[in-house]
Protein chains: 2
Amino acid sequence: MTITITAFERSPDGGMGLARDTRVRWVLEEAGLPYKVRPVSFSAMKEPAHLALHPFGQIPTYEEGDLVLFESGAIIFHVASHHPGLLPENANARARAITWMFAALNSVEPPIFDLTNAKIAERDQPWAKDRLPMVADRVRHRLGQLSARLGDAEWLDGAFSAGDLVMVSVLLRTRPSGILNEFPNLAAYVARGEARPAYKRAFAAQLAFNTAQPAVG
Amino acid sequence: MTITITAFERSPDGGMGLARDTRVRWVLEEAGLPYKVRPVSFSAMKEPAHLALHPFGQIPTYEEGDLVLFESGAIIFHVASHHPGLLPENANARARAITWMFAALNSVEPPIFDLTNAKIAERDQPWAKDRLPMVADRVRHRLGQLSARLGDAEWLDGAFSAGDLVMVSVLLRTRPSGILNEFPNLAAYVARGEARPAYKRAFAAQLAFNTAQPAVG
């Protein structure tokens, strides 16, 4: 069954791999599943055809036969739960790996997303400069806690899992700010994720997608 | 096997049901599972004993024999995936219900949490008053999209599921701001959730917990 995901026609990051299609490409590469990518422009994302797939008008979406999913976490969970090697077989270990998926998305990504908002969406607001250090410190606080938990372990809980895939994908968004490198064990953890062949393929694919020459109309 | 969760010794909301133990109590009530609650003080939450259970020093946590979980979404998923009636049997419907769990936690709750931050944590900042309308509008934008998707349906996708349980739990946090009531279909959706006997039991239990007379030492 053909899998089709959506991605920004042109990612705002120009192919740095920070857009959320990258993490979906990654899990599909880990699972060895071929997929097609349908580009969506910023205007098309707000049109009824795309909103029927994604109520919040974002990317990525996932189509597989009759199944339509949105939310990168849900897509990753769907792929991981149907292919071996991404979630432990042992029930308790599996529940803990899923916990890290939720932790990445509900406890770690929100302050990181806020920092992006403070830097970009609120850039021209009169409070932008004064407020930024507080927002950055919230990211530091959360990364400090995660760093303490990870310690010198290779992955968050035993072998690499979908929990690590999501956490690495979330954390690498803090590299441009310099905050990731304040936590050497987290920076090394992210680097281990990025060194996986599946990540490399996913990254290369989104880069090629985002830097392709536009068709001359 | 005894289930023990943690909750604030005294919730900052005084028992309005906005703390995240309420949603875990709710899923346990839906599943018909008895549970114990261990109160954690704000100082104890930052101590090593609690951090061993929850790396971010928060509540709730979930203990069941050897299994320790944190993150309300992960706990709800764990309970829902082991008890009938909270996730559809059909594979595609199940994947969609799980999608709503992730959507509630990664796309709907973050702007709501930001609004709480803007009102409380940043209350005394010089930008507080000027910035608040922008933060509230982000919540309105997301709730408007969700309202459009829900339409006049009873639940988000067919029968009540853990996806609705999480979404209702997230949305009811917008009631104190007045924003929930700007979307009558979402307000009615939340009210349907709150009318479920399991929710009523969960709410009553957290209220009793938060309003109990402290032991006289």
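Quick caveat: nothing in here was measured; it's all calculated off a predicted structure. Here is how names work: the chains are called A, B, and so on, in the same order as the sequence lines, proteins then strands, and each is numbered from 1.
Between chain A and the residues B:S72, B:G57, B:S107, B:S81, the most heavy-atom pairs under 4.5 angstrom are made by B:S107. The candidate with the highest count of non-hydrogen atom pairs below 4.5 Å against chain A, out of B:P110, B:P126, B:G73, is B:G73. Looking only at heavy-atom pairs under 4.5 Å with chain A, the residue among B:N92, B:I98, B:D130, B:V108 that has the most is B:N92. Between chain B and the residues A:G144, A:A121, A:G65, A:A74, the most heavy-atom pairs under 4.5 angstrom are made by A:A74. Interface remark: of the candidates B:H141, B:R142, B:E109, B:R96, B:R142 forms the most heavy-atom pairs closer than 4.5 Å to chain A.
Only the side chain of A:D114 comes within contact range of chain B, with heavy atoms under 4.5 Å apart. Of the two parts of B:F56, the backbone and the side chain both hold a non-hydrogen atom closer than 4.5 Å to a non-hydrogen atom of chain A. Of the atoms belonging to A:R138, it is side-chain heavy atoms, and not backbone ones, that fall under 4.5 Å from chain B. Neither the backbone nor the side chain of A:I75 comes within contact range of chain B; no heavy atom of the residue lies under 4.5 Å from a heavy atom of that chain. Proximity to chain B (any heavy atom under 4.5 Å) is shown, for A:F70, by both the backbone and the side chain. B:V68 touches chain A through its backbone: at least one of N, CA, C or O sits under 4.5 Å from a heavy atom, while the side chain does not. Interface remark: A:R131 contributes backbone and side-chain atoms alike to the contact with chain B (heavy atom separation under 4.5 Å). Using a 4.5 Å cut-off between heavy atoms, B:A148 does not touch chain A at all. B:A91 does not touch chain A: none of its heavy atoms, backbone or side chain, sits under 4.5 Å away.
Remark: the backbone N or O of B:P60 is not paired with any side-chain donor or acceptor of B:R20 at under 3.5 angstrom. Judged purely by atom type and a 3.5 angstrom limit, B:T116 uses its side chain to pair as donor or acceptor with the backbone of B:I112. Here the side chain of A:Q125 pairs no donor or acceptor atom with the backbone of A:E122 at under 3.5 angstrom. Here the side chain of B:D13 pairs a donor or acceptor atom with the backbone of B:G17 at under 3.5 angstrom.
In this structure, the side chains of B:L156 and B:M167 come closer than 4.5 Å at one or more pairs of heavy atoms.
Note: B:H50 and B:H54 have parallel aromatic rings, judged against thresholds of 30 and 60 degrees for the angle between ring planes. Note: A:H78 and A:Y62 have perpendicular aromatic rings, judged against thresholds of 30 and 60 degrees for the angle between ring planes. A tilted orientation is assigned to the rings of A:F77 and B:F102, their planes being inclined by 30° to 60°.
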### Query
Going through the checks in order, is the side chain to side chain contact (heavy atoms under 4.5 Å, CB included) test met by B:W100 and B:L146?
CA-CA 11 Å; B:W100 285 114; B:L146 186 67; 3.7 Å; yes
